[in-house]
Structures are given as C-alpha cells and as structure tokens.
Amino acid sequence: MADQWQEAYDFAVQVARAAGAVIRKAGECEIKVQTKSCTVDLVTQTDERVEKIIIGSLKEQFGEGTHCFIGEESVAKGEPCILTDKPTWIIDPVDGTTNFVHGFPFVAVSIAFAVNKELEFGVIYSCLEDKMYKARKGRGAFCDDEPIQVSDVKDIHKSIIISEHGTDRDKQKVKKIFSTMQKILCIPVHGLRGSGTAATNMCLVASGATEAFFEIGIHCWDIAAGAVIVKEAGGVLLDVDGGPFDLMSRRMISANNMVIAERIIKEIEIFDSVRDDAPIQKK
Ligand SMILES: O=P([O-])([O-])O[C@@H]1[C@@H](O)[C@H](O)[C@@H](O)[C@H](O)[C@@H]1O
Ligand SMILES: [Mg+2]
C-alpha cells in the first residue's frame, strides 16, 4: 500500500527546522513577554508567530480544511482541543517558553500527527542544540538521522529521573510535586533533572540519557511528538497511576522500561488537572 504519510513526515521535519531558525533569530532580539493561565505561564510573540508559520505552511502543503490542528497558542485563544478521527497536527511551537525568555538553552519545536486518534509520527527540533529528533509509528526513532534507543538500566538506584514543577504555584500541588521529588531522590537515584521542556525531556529518555520523565500538568502538545519518539526508541508510556497512556489527561510517565516506570509510579503523589479535551467552561 502506498505510504501515505511519508510526505507529511518529511515536510514536518522541514517545517520544524525552519521554525527553529525563526526562534533562534527572535532570541537575539528583545523578547516581549505576556502571561496566560498565571503570572509564570509565559507566552511571547514568537510563540504565536511560529505557530502561525507552522500551521500556515501545513495548510498550504495539505490544503485548507483537509487536516485539523491543535496548537498550544490557538487553544490559548479559545480554539477547541478535541482529537477526532480526522488527520490532526498537534503542535507546540515553542516548548520551553520560559527557557526561551531567559536564554536557558533548551527550547524545542514539537510537531505530532495523528489519524483516527492514533499518533502516526512525531518531530521534535531542539533548536538551540540544533538536534532533530523524529519517529514514525513502527519505524524506529532517530536523532539527526542516527537511530536512538532508551537506556537498558533496570536498577532504579542507577537511574536519572526527570520531573518538572510546571507553572502551577498552588501551594498544595507544589507540596505534592516536591514531596514526590524528595521520595524519588531518596530511593536513592543517581539524580533528578529537568530541561524545562517536556518535549526535550522525552527525547532525553528516548536517547538513553535518562531513565524516565513524568509530569502532571503538561498538555497534549507538550508530549504528543515525544510519545511517538519514546515508544519507537523502545520505551514505555503510562498514566501516572499506572493505567494506559492518555494523551489528553494532562499527566504521564515515559520510561525506558516497565520496571523503572512502576517503581517511579509508586512515589508519585497525584493531584487533579483539568483534561485538555474537557468542555470549555463558559466565563
Ligand atoms: O509552556 P511550554 O514551554 O510550551 O511547556 C512547558 C512544558 O514543556 C514543561 O514540561 C512544563 O514543566 C512547563 O511548565 C511548560 O508547560
Ligand atoms: Mg510546551
């Protein structure tokens, strides 16, 4: 059967690389910062401009109305965040916006593609590192066209675990986040890390640099591309309660294997997060 998504996959890589160049250039100028859900949930004109460039390029290539789009900044402006069976692009134009604003060197363009609610491929361009991660369902994962695979560590005491504190500053949630981190650190593990971008964190799992990344509070656009890349690199994806991975649930763990995943899950103190696909509350 003709390989119908190869062209879309190759085009997504080109678009991600071009978007990364725009981000790098914008980072050389003064960055005007605004906020979204709270004072530390940052957004810049670059986030919005890059998302428009990506979606515009995809519409031009594949036609208006044939594909659907879930983009971080479009959703922030009220677009629906509903995954249907239609071919759908799930886009985070600047993953690691806070890093971008501060010049902290981890910023990624994350582009995923789903059909019939199945993730077909994911592309993550870590644009300040100039590293292109990509994977297609059933065809392996790559960084700069070199195959990558997860670490073979099974002993939690020999692991590095990534988690992030996110942008929610609710005291009860922060307490659970840090209590979880403390319990994991004192297993003990070799170390805790966090790049500040979920997409990059998942590439670090996929490339074997760390054994797991989990977070409660992330969005589908942060993790969709990384989910394909981790899975194709031989890793596992689960809900933080050990259930099946749920792209819209705002929580997940990605790990190199089930032994590490299940050990980390034991320590996670779960708190509620409104699903990405929850009905929009009328103001
Ligand atoms: O907002 P953004 O930079 O696209 O996405 C970021 C995520 O990738 C990260 O995992 C999370 O901890 C941050 O709070 C932020 O949400
Ligand atoms: Mg993001």
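Counting starts at 1 for both ligands and their atoms, following the listed order. Hydrogens, waters and symmetry mates play no part in the numbers below; they use all other heavy atoms, side chains included.
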Kindly say whether the aromatic ring centers of Trp5 and Phe11 come within a distance under 6.0 Å.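 Between Trp5 and Phe11, the centre distance exceeds or equals 6.0 Å.
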Should [X] and [Y] count as side-chain neighbours, where that means a heavy-atom distance under 4.5 Å?
X      : Y      : value
Glu48  : Val43  : yes
Phe69  : Thr88  : no
Thr44  : Val101 : yes
Asp170 : Val174 : no

Residue shell around ligand 1, heavy atom under 4.0 angstrom: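 Residues near ligand 1: Glu72, Asp92, Val94, Asp95, Gly96, Thr97, Glu164, Gly166, Thr167, Gly196, Thr197, Ala198, Glu215, Ile218, Asp222.
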Rounded distance (nearest 0.5 Å) linking atom CZ of Phe142 with atom NZ of Lys134: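 With rounding to 0.5 Å, CZ (Phe142) is 7.5 Å from NZ (Lys134).
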Between the Mg ion (ligand 2) and Asp222, which N, O or S atom of the residue is the nearest one?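 The nearest such atom is OD1.
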Tell me, which pairs form a ring pair (Phe, Tyr, Trp, His ring centres under 6.0 Å) where one or both residues lie in residues 186-234, sequence neighbours left out?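 Of all non-adjacent pairs touching residues 186-234, those that pass ring pair (Phe, Tyr, Trp, His ring centres under 6.0 Å) are His219-Trp221.
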Angle at the Mg ion (ligand 2) between OD1 of Asp95 and OD2 of Asp92, to 10°?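 Value returned, to the nearest 10°, is 100°.
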